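Notes to accompany the following structure.
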Amino acid sequence: MEEYYKQLLDNNKEWVESKTKDDPAYFTRLAQGQQPPLLWIGCADSRVPANEIIGAQPGEVFVHRNIANMVVHSDMNMLSVLDYAVNVLKVRHVIVCGHYGCGGVAAAMTNQRIGLIDNWIRHIKDVYRLHNLELDGIDDHQKRFNRFVELNVYEQVLDLAKTSIIQNAWENGQQIHLHGWVYDIKDGLIVDLDVTLKNNSSLEEVYRLTH
Ligand code: CO
């Protein structure tokens, strides 16, 4: 335990050395500020490290992670990250990245009582309810689970679009593209769900904000 903990700090020193060996100004440059083109909303799962799986460098991705990569419209943490990313950093892309085998999504398919987290998982159950005809029609449990993961990402992309932050940005002519991805922990590959939103047009009428 103790050794594992010490190792982390040693790893850090090694990492600093590797970064500055050929580029002594590496950290001086990063310290001057950030202008990431991308906001990542992903699962807290330890197997889905945002930067690493897309080969992104420090300074490139603004990151928000929670259980099952949810966009809950009353979540002040998510809203604050989104507001800062859109209105201050002016990111051009927001990616919601789920992953097959997601424990949060798996829990939402059961009736198991876990604890406080049940209230968070409730949001994922709402996605099941929206798509219950399709999901209940899939007999194979693994296939139904995988599809639920995909539909959950899709709904979170829509929920992003419905936030006042994205609605205002689009209204003001800011170019922001919202994407939905699913990462496969079995082979490391990302599936682009091809649900990119660039404007209001695919939102149901009731969610479109105007002046
Ligand atoms: Co997960």
Side-chain angles (χ1 to χ4, degrees), residues 4 8 36 38-56 58 60-82 84-85 91 93-132 134-136 138 140-163 165-166 177-197:
Y4 170 71
L8 299 176
L38 166 66
L39 167 61
W40 175 278
I41 298 179
C43 184
D45 194 297
S46 61
R47 299 164 296 180
V48 196
N51 281 53
E52 209 168 326
I53 64 177
I54 53 171
E60 200 175 333
V61 194
F62 204 59
V63 175
H64 178 77
R65 292 169 69 182
N66 62 38
I67 289 171
N69 39 270
M70 300 303 287
V71 176
V72 174
H73 75 275
S74 56
D75 174 3
M76 275 305 291
N77 186 352
M78 182 281 296
L79 290 172
S80 302
V81 169
L82 181 63
Y84 192 74
V91 297
H93 299 274
V94 184
I95 294 169
V96 176
C97 186
H99 66 102
Y100 296 120
C102 185
V105 175
M109 288 174 81
T110 74
N111 296 98
Q112 200 192 340
R113 179 181 286 121
I114 303 171
L116 176 75
I117 196 178
D118 296 340
N119 298 289
W120 187 255
I121 287 169
R122 237 297 300 284
H123 296 293
I124 317 171
K125 286 179 181 285
D126 289 344
V127 173
Y128 198 103
R129 178 172 50 81
L130 284 171
H131 295 278
N132 66 337
E134 177 180 349
L135 289 170
D136 286 342
I138 304 171
D140 183 80
H141 180 270
Q142 189 60 46
K143 283 185 183 149
R144 188 162 76 245
F145 181 18
N146 288 351
R147 186 60 185 146
F148 190 14
V149 166
E150 293 169 358
L151 288 169
N152 185 50
V153 167
Y154 172 60
E155 287 297 333
Q156 304 321 302
V157 173
L158 289 175
D159 281 337
L160 256 180
K162 294 169 196 168
T163 61
I165 297 159
I166 294 294
H177 297 179
L178 314 180
H179 313 272
W181 287 1
V182 176
Y183 175 75
D184 194 336
I185 45 175
K186 288 206 190 89
D187 61 16
L189 291 170
I190 289 164
V191 179
D192 184 349
L193 296 180
D194 243 340
V195 293
T196 298
L197 300 185

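Counting starts at 1 for both ligands and their atoms, following the listed order. Please read all numbers here as calculations on a predicted model, not as lab measurements. For the numbers below, each heavy atom of this structure counts, side chains included, while hydrogens, waters and symmetry mates do not.
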query = Sequence neighbours excluded, which residues qualify as side-chain contact (heavy atoms from CB on, under 4.5 Å) partners of Asn146?
reply = Tyr100, Gln142
query = Does some side-chain heavy atom of Asp118 sit less than 4.5 Å from a side-chain heavy atom of Arg113?
reply = yes
task = Could you tell me whether the side chain of Asn51 reaches within less than 4.5 Å of the side chain of Pro49, counting heavy atoms only?
result = no
remark   = Listing protein N, O or S under 2.8 Å around the Co ion (ligand 1) gives Cys43 SG, His99 NE2, Cys102 SG
request  = Report the distance from atom CD of Gln156 to atom CD1 of Ile41, rounding to the nearest 0.5 Å.
outcome  = 9.0 Å
query = Checking salt bridge (Lys or Arg N to Asp or Glu O under 4.0 Å) for the pair Asp45/Arg47: CA distance, chi angles, key distance, verdict?
reply = CA-CA 5 Å; Asp45 194 297; Arg47 299 164 296 180; 2.7 Å; yes
Other residues, nucleotides, ligands: >12 heavy atoms within 6.0 Å of His73 NE2 = no
